[in-house]
Asks: 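Can you keep this structure in mind? I'll have questions shortly.
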Amino acid sequence: MLPANAIFRMLLLVGFSTPVCTFAQQHDTIRYSLILTGNIKGEKKVIETSPGTFESWYQYNDRGRGDSLHTIYRQDSDGYPTYVHAIGKDYFKKPISEDFSLTDGVATWKNTAENESRPVSEKAFYTCLNGESGNIIKALKAGRNKIKLLPFGEATLEVVLQHKAGGQSLQLCRISGMYYTPEYIWADEKNVTFGYLGDWFSMIRKGYEPYVKELLAVQKKIERQHDSQLAKDIPEKVNGDILIRDVTLFDAEKATLQPHTDVLIGAGKIKAVSVGKPLAAKAAKTVDGRGQTLLPGFWDMHVHMGDGPEGIMHIAAGVTHARDMGNDTTLLTIRKEIDNGELIGPHLEVISGLIDGAGPMAAPTGILIHNEEEGKKFVRMFADKGYDQIKLYSSIKPEWVKPLIAEAKKYHMRVCGHIPAFMTAAQAIEAGYNEVTHMNMLLLNFFGDTIDTRTPQRFAIPAQRAASLDLNSEPVKQFIALMKSRNIASDPTLVAFEPMLTGRDGVIEEKNKDIITHFPLQIQRSMRAGGRGIPVPPGMDSTYIQSFAAFLKLTKLLYDNGIRIVAGTDGTAGFDYQRELELYVKAGIPAEKVLQLATFGTAEYTGKSKELGSIKVGKTADMVMVAGDPVENISNVRKTKMVIKNGVIYDPAKLYKAISVVPF
């Protein structure tokens, strides 16, 4: 599973559309290619059927998932939408629709999040959740680079540069106010979208695909200037020692709290820790820790690191270390820039070389192979580049697994990943896996070796059958015994499956209920829409909910049997990590043990416990201070008040402000 966040943002901003052929008279047609990590995965087409009236189609295929939508919309002379009708399917193939109209000064709209009508006294741009909604760049220019939005908020525009490519005169537009960070859109001389480009997902005019690399490089330079400035402005580098007084310290090695503790930090290291007795020390900066808890920095063990807001979101949540589980070739550059202080983000302690079999259902990143020998060659390539482990994906042929693992072990690289299609988790473990990624992959072990894990079957079958699985059965006991005998770890990513199995249309997901008002406009609206789950067959609503409960129960069963749990998310940086910890507690693991496995336990697992994972003299000063007691209430991990990484102080309030989030 790989994040679709960049795809989702693009679709909200520049519109969904999909080929559902109801052709009107064609006045002007624009076609776009939709590209996922270098491969064309879909198409968008927009036809101006009459002046100011448009019809668009969009289709996208991501390993059997992908949005599809047909939209009809009208806009006024300034690009503001006056009518929208959109219908189609979302990323998980569930039906969606949206309608908007502006008539006689009254705006009316209905979508999966809202059903509203209100008078509009001045121009405001309706931003669709699904579908096209006018020309926002044209509207912004008509409004002198600032416009009001419906249902709330405002957007601003800055044209950051002009550039020629393929005979086209283009402008790079930066639009702020809708998401965590500004969105960048390439527009032509008529202010019509030419492309939306990103590391994971790009949309560009058909025929101009070869220019993606050039335009993205230009855009990246602008984005990097913005991110680098934040990396200069936000961190606080203290010239001297830092003294934290009278804080409650979480001893991650013993999983206990130590009240009234002083901690002295200097030169990036922990110099002294005193419990119950104030330190007689002078410091350049003193921090009052009363009423707060100091913990070692957290580790997110399942990220796909980008260079946008993710690094800031990780650090704001107290995640100072991360494991990248598969990425493109810019990963080594991102790690270097983070470590050099050019970008804000967690240290990428472990990086994975992702290998998948070539084909229509292949992973959207990493290396794609056609045979065993190619796989071995790329294992050696990743080893030469300094990668720590190999991650195998769903399109790897079962007969390739054992030889690829053997090749990785020659270079002392661990192997983890998805379970390949038509293979079971037990077979993968017996072939040499060190760790199984995602809880659904473990559950699939009990439903046979005929499952095609390249397809959405890997989600649907556990959703339909996990509820009835007897966790006390002999097959489950034997499988757990196998995991224990081989010292296999589990990366459950429960937070990725909670909305899949329990999310319903128009209902705010459980993980967002208490935090939704902290987010910017379009993020809030998408949260209110809910419905991020996979399609639920008639009569199986309660089964899907009970199946997610089985995910939790199996996680607790693994923990009880001494199987190491590593906390990872594969989702929204920071916020999903905090929810992952909440879900472990909900599963029945004591909060203090959850905090331990998320800190010292992970440092042990990665072989870094001598330097990291607990607040002890001589160790690296990586820590997070939260308001209240997270042992009493695990949700207090959301209340981050200070983060220290390598002795450098980060104020979460400043970090959140930089990404348009209201501090917690």
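These numbers come from a predicted model, not from an experiment. Computation of the quantities below employed the complete heavy-atom set of this structure, encompassing side-chain atoms and omitting hydrogens, waters and symmetry-equivalent molecules.
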Asks: Carefully, step by step, assess T606 and W299 under the rule side-chain contact (heavy atoms from CB on, under 4.5 Å).
Replies: CA-CA 10 Å; T606 56; W299 298 60; 3.4 Å; yes
Asks: Quick one: does any side-chain atom of N561 pair with a main-chain N or O of I563 as donor and acceptor, under 3.5 Å?
Replies: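 Here the side-chain-to-backbone pair does not exist.
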Asks: With D541, which residues qualify under salt bridge (Lys or Arg N to Asp or Glu O under 4.0 Å), at least two apart?
Replies: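 Partners of D541 under the salt bridge (Lys or Arg N to Asp or Glu O under 4.0 Å) test: R504.
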Asks: Measure the OG1-CG distance between T181 and L230 for me, rounded to the nearest 0.5 Å.
Replies: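 Reported to 0.5 Å precision, the distance equals 9.5 Å.
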Asks: Would you find a donor on one side and an acceptor on the other, under 3.5 Å apart, between the side chain of S547 and the backbone of A467?
Replies: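 Pair found, side chain donor or acceptor close to backbone of A467.
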Asks: Between D67 (side chain) and Y91 (backbone), is there a donor-acceptor pair under 3.5 Å?
Replies: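 Yes; at least one donor-acceptor contact below 3.5 Å.
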Asks: Are any of the side-chain nitrogens in R525 or E114 under 4.0 Å away from the carboxylate oxygens of its partner?
Replies: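 Answer for the salt bridge query: yes.
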Asks: Taking the side chain as every heavy atom from C-beta outward, state whether R564 and E435 have any atom pair closer than 4.5 Å.
Replies: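 No; the side chains remain at least 4.5 Å from each other.
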Asks: For L150 and A124, work out which heavy atoms get closest and say how close.
Replies: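 Looks like CG-CB, 3.8 Å.
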Asks: For a quick test of your reading: what N or O donor-acceptor pairs under 3.5 Å do the side chains of residues 586-601 make, sequence neighbours left out?
Replies:
from : atom 1 : to   : atom 2 : distance (Å)
Q596 : NE2    : A252 : O      : 3.1
Q596 : NE2    : E253 : O      : 3.1
T599 : OG1    : L595 : O      : 2.6
T599 : OG1    : Q596 : O      : 3.3

Asks: Applying side-chain hydrogen bond (donor to acceptor under 3.5 Å, both in side chains) between E223 and each of Q219, Q225, H226, report the one that passes.
Replies: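 For E223, the side-chain hydrogen bond (donor to acceptor under 3.5 Å, both in side chains) check succeeds only for Q219.
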Asks: What are the two closest heavy atoms between Y605 and V566, and how far apart are they?
Replies: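 In this case the closest contact between Y605 and V566 is CD2-CG1, 3.6 Å.
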Asks: Is the F497 ring parallel, tilted or perpendicular to the F459 ring (thresholds 30°, 60°)?
Replies: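 It falls in the tilted class, 30° to 60°.
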Asks: Suppose we screen for side-chain contact (heavy atoms from CB on, under 4.5 Å). Which residues come up paired with K237, at least two apart in sequence or across chains?
Replies: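 With sequence neighbours excluded, K237 shows a side-chain contact (heavy atoms from CB on, under 4.5 Å) to V648, given in chain and number order.
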Asks: Step by step, work out the side-chain contact (heavy atoms from CB on, under 4.5 Å) result for T502 and Y544.
Replies: CA-CA 7 Å; T502 68; Y544 275 43; over 6 Å; no
Asks: If you look at every heavy atom in G345 and I338, which pair is closest and at what distance?
Replies: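 Distance-wise, the nearest heavy atoms are O-CG2, 3.3 Å.
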Asks: Taking distance alone, no hydrogens or angles, what donor-acceptor pairs closer than 3.5 Å link side-chain atoms of residues 264-282 to residues at least two apart or in another chain?
Replies:
from : atom 1 : to   : atom 2 : distance (Å)
K269 : NZ     : T620 : OG1    : 3.4
K271 : NZ     : D241 : OD1    : 3.4
K271 : NZ     : D241 : OD2    : 2.9
S274 : OG     : K277 : O      : 2.4

Asks: Would you indicate whether K94, at its atom NZ, is surrounded by more than 12 heavy atoms from other residues, nucleotides or ligands within a distance under 6.0 Å?
Replies: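 Atom NZ in K94 is crowded, with more than 12 foreign heavy atoms closer than 6.0 Å.
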Asks: Using a 3.5 Å distance criterion without hydrogens, assess whether the side chain of D227 forms a donor-acceptor pair with backbone atoms of L343.
Replies: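 Side chain of D227 to backbone of L343, a donor-acceptor pair under 3.5 Å: no, none is there.
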Asks: Could you list the residues that satisfy ring-ring contact (aromatic ring centres under 6.0 Å, His included) with F250, not counting sequence neighbours?
Replies: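 Not a single residue meets the ring-ring contact (aromatic ring centres under 6.0 Å, His included) criterion with F250.
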Asks: Quick one: pull up CE in M623 and OG1 in T293 and give me the separation to the nearest 0.5 Å.
Replies: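 The OG1 atom of T293 is 13.5 Å from CE of M623, to the nearest 0.5 Å.
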Asks: If we ignore hydrogens and angles and just use 3.5 Å, is the side chain of T640 paired with the main-chain N or O of A316 as donor and acceptor?
Replies: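 Yes; judged by distance alone, with no hydrogens or angles, the pair exists.
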Asks: So, applying side chain to side chain contact (heavy atoms under 4.5 Å, CB included) with K511, which one of E498, E580, M527 is it?
Replies: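 Passing option: E498.
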Asks: Using a 3.5 Å distance criterion without hydrogens, assess whether the side chain of R224 forms a donor-acceptor pair with backbone atoms of E342.
Replies: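 No, R224 side chain to E342 backbone: no donor-acceptor pair under 3.5 Å.
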Asks: Give me each pair satisfying salt bridge (Lys or Arg N to Asp or Glu O under 4.0 Å) with a member in residues 620-646, each pair once, sequence neighbours excluded.
Replies: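 Sorted pair list: E582-R638.
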Asks: Is it true that a side-chain atom of D576 and a backbone atom of V495 form a donor plus acceptor pair closer than 3.5 Å?
Replies: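 Absent.
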Asks: For H314, give me all partners under ring-ring contact (aromatic ring centres under 6.0 Å, His included), at least two apart in sequence or on another chain.
Replies: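 Scan of H314 (ring-ring contact (aromatic ring centres under 6.0 Å, His included), adjacent residues dropped) gives none.
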Asks: Give, for atom CD1 of I649 and atom CD1 of I244, the distance between the pair rounded to the nearest 0.5 Å.
Replies: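 I649 CD1 to I244 CD1: 7.5 Å, rounded to 0.5 Å.
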Asks: Identify the heavy atoms of G297 and T320 that sit nearest to each other, and give their distance.
Replies: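 Distance-wise, the nearest heavy atoms are CA-OG1, 3.4 Å.
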Asks: For Y196 and E183, run side-chain contact (heavy atoms from CB on, under 4.5 Å): C-alpha distance rounded to whole Å, both residues' side-chain angles, the deciding distance at 0.1 Å, then the answer.
Replies: CA-CA 9 Å; Y196 175 97; E183 296 294 307; 2.7 Å; yes
Asks: Is the backbone of D251 close enough, under 3.5 Å, to the side chain of K616 for a donor and an acceptor to pair up by distance?
Replies: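 No, because the side chain of K616 does not come within donor-acceptor range (under 3.5 Å) of the backbone of D251.
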Asks: Would you say L442 and M439 make side-chain contact, with heavy atoms under 4.5 Å?
Replies: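 Yes; the side chains approach each other to less than 4.5 Å.
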Asks: Taking atom CD1 of I136 and atom CG of L149, what is their separation to the nearest 0.5 Å?
Replies: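 I136 atom CD1 to L149 atom CG measures 6.0 Å (nearest 0.5 Å).
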Asks: Of all the heavy-atom pairs spanning P520 and Y180, show the shortest one and how long it is.
Replies: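 Smallest interatomic distance, heavy atoms only, reads CG-N, 3.9 Å.
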Asks: Suppose we screen for side-chain contact (heavy atoms from CB on, under 4.5 Å). Which residues come up paired with Q389, at least two apart in sequence or across chains?
Replies: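 Result, side-chain contact (heavy atoms from CB on, under 4.5 Å) vs Q389: R323, M325, V350, S352, R414, C416.
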Asks: I would like to know whether E349 and L612 meet side-chain contact (heavy atoms from CB on, under 4.5 Å); could you show each step before the answer?
Replies: CA-CA 11 Å; E349 202 71 53; L612 301 165; 3.7 Å; yes
Asks: By side chain to side chain donor-acceptor pair (under 3.5 Å), which residues pair with E236, not counting sequence neighbours?
Replies: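 Expected list: K285.
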Asks: If you look at every heavy atom in G574 and A317, which pair is closest and at what distance?
Replies: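 Closest heavy-atom pair between G574 and A317: CA-CB, 3.5 Å.
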Asks: Rounded to the nearest 0.5 Å, what separation is found between the CD1 atom of I315 and the OH atom of Y656?
Replies: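 Here the rounded value is 11.0 Å.
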Asks: Would you mind listing every salt bridge (Lys or Arg N to Asp or Glu O under 4.0 Å) that reaches into residues 647-660, with sequence neighbours excluded?
Replies: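 Counting only pairs at least two positions apart or across chains, no salt bridge (Lys or Arg N to Asp or Glu O under 4.0 Å) contact touches residues 647-660.
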Asks: Where do D300 and T569 land on the side-chain hydrogen bond (donor to acceptor under 3.5 Å, both in side chains) test, with the steps shown first?
Replies: CA-CA 7 Å; D300 189 331; T569 55; 2.7 Å; yes
Asks: Apply salt bridge (Lys or Arg N to Asp or Glu O under 4.0 Å) to D514 and list each qualifying residue two or more places apart in sequence or on a separate chain.
Replies: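 For D514, no residue satisfies salt bridge (Lys or Arg N to Asp or Glu O under 4.0 Å) once neighbours in sequence are set aside.
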Asks: How about E337 and S228: do any of their side-chain heavy atoms sit closer than 4.5 Å?
Replies: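 Result no, sub-4.5 Å side-chain heavy-atom pair not found.
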Asks: Do the non-hydrogen side-chain atoms of T555 and Y559 ever get within less than 4.5 Å of each other?
Replies: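 A side-chain contact is absent here, since even the closest heavy-atom pair is not under 4.5 Å.
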Asks: Is the NE2 atom of H347 crowded by more than 12 outside heavy atoms at less than 6.0 Å?
Replies: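 Atom NE2 in H347 is crowded, with more than 12 foreign heavy atoms closer than 6.0 Å.
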Asks: Do T493 and T437 have side chains that get closer than 4.5 Å, going by heavy atoms?
Replies: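 They are not in side-chain contact.
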Asks: Which ring-ring contact (aromatic ring centres under 6.0 Å, His included) pairs, counting each pair once, include a residue from residues 498-534, with sequence neighbours left out?
Replies: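 Matches after skipping sequence neighbours: H518-F664, F519-F575.
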Asks: As an exercise, state the distance from CG of D339 to CG of L348, rounded to the nearest 0.5 Å.
Replies: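 Answer for the CG-CG pair, D339 versus L348, is 7.5 Å.
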Asks: Between the side chain of H304 and the main-chain N/O of N327, is any donor-acceptor distance below 3.5 Å?
Replies: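 Checking the backbone N and O of N327 against the side chain of H304, no donor-acceptor pair under 3.5 Å is found.
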